[in-house]
Protein chains: 2
Amino acid sequence: MAGTPKDSRVLEKGVAPAAPDRAPRSVGFLLSQLGFSASQRFLEVLKPLGLHPREFLLLRFISAAEGRSQQALASLLAVPPSRMVALVDHLEELGLLERRPDPHDRRVRALHLTERGRTVYGRATKLALEHEQRLCLGLSETEREQLIDLLHKLQPELIELRGVHPGLG
Amino acid sequence: MAGTPKDSRVLEKGVAPAAPDRAPRSVGFLLSQLGFSASQRFLEVLKPLGLHPREFLLLRFISAAEGRSQQALASLLAVPPSRMVALVDHLEELGLLERRPDPHDRRVRALHLTERGRTVYGRATKLALEHEQRLCLGLSETEREQLIDLLHKLQPELIELRGVHPGLG
DNA sequence: TATTGTTATACTCTATAACTATA
DNA sequence: TATAGTTATAGAGTATAACAATA
């Protein structure tokens, strides 16, 4: 992949330019920087609800299909089962979900949203939308669509929901 | 900012859609996800050199203007002075930079690259370029420029070099 | 009295592996 | 013997604050 005409153009542009105190014109750098800022902000956005972004994501998954086991969700989110415990503990303390026994296998805990869980999840979704709008204030709607399309063209395996990063999910 | 025509369009599109196991069409989500993946990969890319991304960034700053004090660079990178110590320690152990006494103020240590430091920084820059090219394999050069322009249109204060995030710098 | 660099400490987050109860 | 969930523990990474030398 190195040495193609396209590569040499990138090399000419320079990812680490002579002016070092400014952000380089590098997709990798901008993504890292913007991605971190965006998740930090989203963290603050959810704080009033007492939720962490990764808990919001978990609510989203449960809401999509209630009754799945902790392990099923853990593997879906690519977190170790031991970590899932604290996650579910917290959401249960908040009264947003409940562990129900599985009649067929007494080892598993099926996760279900409570009524309050559905309400809070709805609120969080609204906050996420507002967050998105603030983030994209400098873009027209066309540009926003364009940006999303371009981001999707980057290696798709990077975007997969599994292995969601610590700051977000 | 909520309630404008643009906002309602975003709301219609839906950031948290009914299909929950797929990545939503949300700039915030994609940035978080891609940013995290990109920095994780960059971490691996630099490993053969024994460098952490944030050390690479530090080298970049020193290379831009040698002789600055640790505190000056610490405030530039928005890391606490205490953290800068370990950073500089490691780079000094690797023989990439040296602390020189400041003749005018015996408290300060002026940071300079060694010859080896310049060499390794050059290698790291090359690796960073290859990383960028791999990342953008799915984009034409025009699309890559377009993407960078769009990213720059997002709130610029998010991109500033200060407060570089843990995974990157 | 303030500042540079340093050290000590404590806190958060995380994964690994041991453990239990079921299967 | 294997699996779901849990607990214990240890490691990495971080910030805060105390400290010594110098200004």
Side-chain angles (χ1 to χ4, degrees), chain A residues 32 36 39-40 43-44 46-47 50-55 57-58 61-62 67-93 97-112 162-169, chain B residues 32 36 39-40 42-44 46-47 50-58 61-62 67-93 97-112 162-169:
Chain A
S32 301
F36 181 70
S39 20
Q40 284 299 101
L43 194 88
E44 295 301 320
L46 285 184
K47 253 183 191 164
L51 282 183
H52 193 277
R54 83 173 60 85
E55 295 170 338
L57 189 65
L58 178 53
F61 274 84
I62 298 176
R68 286 192 274 196
S69 73
Q70 287 189 197
Q71 300 246 358
L73 287 159
S75 90
L76 214 60
L77 270 68
V79 306
S82 65
R83 212 179 137 196
M84 181 65 61
V85 175
L87 238 55
V88 173
D89 279 352
H90 185 223
L91 292 175
E92 203 175 33
E93 282 162 23
L97 59 77
E98 47 187 25
R99 295 169 157 108
R100 293 193 199 153
D102 180 325
H104 303 302
D105 185 340
R106 289 200 300 176
R107 292 173 303 178
V108 331
R109 314 299 163 100
L111 300 185
H112 292 262
R162 296 167 185 252
V164 175
H165 82 122
L168 180 79
Chain B
S32 301
F36 181 71
S39 19
Q40 284 298 102
F42 191 47
L43 193 88
E44 294 302 319
L46 285 184
K47 253 183 190 165
L51 282 183
H52 193 278
R54 83 171 60 84
E55 294 170 338
F56 173 54
L57 188 65
L58 179 54
F61 273 85
I62 298 176
R68 286 192 274 197
S69 73
Q70 286 189 197
Q71 299 246 359
L73 287 159
S75 90
L76 214 61
L77 270 69
V79 307
S82 64
R83 212 179 135 194
M84 181 65 61
V85 174
L87 238 56
V88 173
D89 278 352
H90 185 223
L91 292 175
E92 204 174 33
E93 280 162 23
L97 59 77
E98 47 187 24
R99 295 169 158 109
R100 293 193 200 154
D102 180 324
H104 303 303
D105 185 339
R106 289 200 300 175
R107 291 173 305 179
V108 331
R109 314 300 164 100
L111 300 185
H112 293 261
R162 296 166 184 251
V164 175
H165 83 124
L168 181 78

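Just so it is clear: chains get the letters A, B, ... in the order the sequence lines come, proteins before strands, and each one is counted from 1. Everything quoted here is computed from the prediction, not taken from an experiment.
What separates CD of B:E92 from P of C:dG5 is a distance of 13 Å, to the nearest Å. Here the P atom of nucleotide C:dT4 and the CZ atom of B:R68 are 15 Å apart, to the nearest Å. The separation between B:H90 atom NE2 and D:dA12 atom P is 13 Å, rounded to whole Å. The distance between atom CG of B:L77 and atom C1' of D:dA15, rounded to the nearest whole Å, is 16 Å. Taking atom CD on A:Q40 and atom P on C:dT12, their separation rounds to 16 Å, with Å as the unit. The interatomic distance linking B:L87 (CG) with D:dG13 (C1') rounds to 12 Å, in whole Å.
Note that the CD atom of B:E55 and the CG atom of B:L91 stand 4.5 Å from one another [nearest 0.5 Å]. For the atom pair CZ (B:F61) and CG (B:L76), the distance works out to 4.5 Å, reported to the nearest 0.5 Å. For the atom pair B:L111 CG and B:S69 OG, the distance stands at 7.5 Å (nearest 0.5 Å). In this structure, CD in B:Q40 is found 9.5 Å from OG in A:S32, a value given to the nearest 0.5 Å. With values rounded to the nearest 0.5 angstrom, A:L51 atom CG is found 11.5 Å from A:L57 atom CG. Put simply, CD on B:E92 and CG on B:L87 are 12.0 Å apart, with the number rounded to the nearest 0.5 Å.
Comparing the helix axis at one end of the helix from C:dT1-D:dA23 to C:dA23-D:dT1 with that at the other, each defined from 5 consecutive pairs, gives an inter-axis angle of 20° (nearest 10°).
For the side chain to side chain donor-acceptor pair (under 3.5 Å) test, residues two or more places apart in sequence or in another chain that qualify with B:R107 are B:D105. For A:E93, there are no salt bridge (Lys or Arg N to Asp or Glu O under 4.0 Å) partners at least two apart in sequence or on another chain. Residues passing the side chain to side chain contact (heavy atoms under 4.5 Å, CB included) test with A:A74 are A:V79, A:M84, sequence neighbours excluded.
Using a 4.5 Å heavy-atom cutoff, the side chains of B:F36 and A:F36 are not in contact. Using a 4.5 Å heavy-atom threshold, the side chains of A:V88 and A:Q70 count as touching.
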At a cut-off of 3.5 Å, list every protein nitrogen or oxygen paired with a nitrogen or oxygen from nucleotides 6-9 of chain D, distance to 0.1 Å.
unit_1: D:dT6; atom_1: OP1; unit_2: A:R99; atom_2: NE; d: 3.3
unit_1: D:dT6; atom_1: OP2; unit_2: A:Q70; atom_2: OE1; d: 3.1
unit_1: D:dT6; atom_1: OP2; unit_2: A:Q70; atom_2: NE2; d: 2.9
unit_1: D:dT6; atom_1: OP2; unit_2: A:R99; atom_2: NH2; d: 3.1

For nucleotides 20-23 of chain D, list the nitrogen or oxygen atoms of the protein found under 3.5 Å from its nitrogen or oxygen atoms, one pair per line.
unit_1: D:dA23; atom_1: OP1; unit_2: B:R106; atom_2: N; d: 2.8

